Number of protein chains: 2
Amino acid sequence: MSASKRDELVQKALRIFYRDGFHATGMDKLVKETGISKTSMYNHFRTKEDLILAALRLRDELFRNRMYRRVEELADDPKGQLEALFTSLDEWFHSEEFKGCMFIKASGEYPVHGTPIHNISAEHKKLILSYVEEIATKAGAKEPNLLARQLMLLKEGAIVTAHIQGPDGIADDALSAAKVLIKEQLD
Amino acid sequence: MSASKRDELVQKALRIFYRDGFHATGMDKLVKETGISKTSMYNHFRTKEDLILAALRLRDELFRNRMYRRVEELADDPKGQLEALFTSLDEWFHSEEFKGCMFIKASGEYPVHGTPIHNISAEHKKLILSYVEEIATKAGAKEPNLLARQLMLLKEGAIVTAHIQGPDGIADDALSAAKVLIKEQLD
DNA sequence: ATATACATTGACTAATCGGTACATGTTATT
DNA sequence: AATAACATGTACCGATTAGTCAATGTATAT
């Protein structure tokens, strides 16, 4: 099937782009590492950027699904779920494949605003923000959107710091801060 | 003078690397934009990586000097200085040259731990953390190192978010969270 | 069984990558 | 005036960049 070949390409390209970066990954490396011919790639995607966009879309889907599922696995009540966000982060930080946030790296390598790659990164962040805001509302926060934005800052900071300094203790710091912010809004 | 030529090169290279990224900036582009010949560059630096490291060292120096000076300009008391951190961030976010954190981008493009570029990024973050911790201690925080790490998470998150979503309101969110965390530690 | 659609290899393009060689300035010191 | 040190432009190196082309499988669908 053609669709599965395409999916296979996007999956493998995602892994390599995430591991090595975008500019540092040439099409010939993708050919060598995926075993998929260059002609086939360009049959499915007009340009390298189109392939990158497909990889980012897949990443967004996989990442959010995993995170949402894990958060809802870890806690039933909304307040517990807000805290579980950081537990799931901690698990991610300590997993083998952790190499920082793919969207932060993408918008770092493609810094021009309004660019498709930049837009998809912004969209990814907004979707997670909405999710957190929804939980914050259910939890009865006074200002759920403010709380959600604050927790997102802790999340982004934790991801970046875990990537630069190593994963240990980072999510705990974020969680301890999150608890204070949550308490402040639920009193 | 030879030293000033070298400094001129590092300053100009810094601007271009920060604006366009590292892999996306070739030596020929540097020649064209700096007006400095490639032979001269390789007379001062053995490799492109050496030039990148020099640019990052300069960036660290300039960035921390500016931030420390601005924080101490904005407030005399340590508690006010902790808050002024985020005011200075807001000014940076809204300045023309803001393109995110150069060290976050550097460790994104050179993801291997232990690499010189990765190390210098980690060092930069540690130096700012020490500075914040010092102020937190003076402010009388119960756990000044924890508070400093929490405020740093807000700072990194704010930088990344301002870069991806745009600068408006981000530092305010971080400041409002910071105030809650500071209050919690000073009671 | 034949047609259609897609995958494949491999050679190829023009441009750019990091880095070097060489010969010609330019400048300051002696 | 001569020398040493450094800056310069230009041309070049082999490798790699994104992307194309033509020719040859190979599978599925009618």
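When reading the values below, keep in mind they use all heavy atoms of this one structure, side chains included, and skip hydrogens, waters and symmetry mates. Predicted, not measured: the structure shown is a model, and the values here were computed from it. A, B, ... follow the sequence lines: proteins, then strands. Residue 1 opens every chain.
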To the nearest angstrom, how far is B:Glu8 atom CD from D:dA7 atom C1'? 12 Å
Salt bridge or not for B:Glu184 and A:Lys183, using N-O below 4.0 Å? yes
Length of the CG-C1' vector between A:Asn43 and C:dA5, whole Å: 9 Å
Using atom CG of A:Leu9 as one end and atom P of C:dA7 as the other, report the distance to the nearest whole Å. 10 Å
Rounded to whole Å, NZ of B:Lys48 lies from C1' of C:dT20 at a distance of 17 Å
Can we say A:Lys138 and A:Asp77 salt-bridge, meaning some charged N sits less than 4.0 Å from an Asp/Glu carboxylate O? no
Determine: side-chain N/O of A:His44 to OP1/OP2 of C:dA7, distance under 4.0 Å, yes or no. yes
May I ask you to decide whether B:Asp28 forms a salt bridge with B:Lys32, counting only side-chain N to carboxylate O separations under 4.0 Å? no
Would you call A:Lys12 and A:Glu33 a salt bridge, using N to O less than 4.0 angstrom? no
Give me the stems containing DNA chain C, sorted by first residue, counting only three or more consecutive Watson-Crick or G-U pairs with both distances under 3.5 Å; say none if there aren't any. C:1-30 with D:1-30
Testing C:dT20, D:dA7, C:dT8 for proximity to the side chain of B:Ser40, the answer is D:dA7
Between B:His118 and B:Tyr110, is the ring centre distance below 6.0 Å? no
Near-strand residues of residues 19-39 of chain B, defined as heavy-atom separation under 4.0 angstrom from DNA chain D: B:Ile36, B:Ser37, B:Thr39
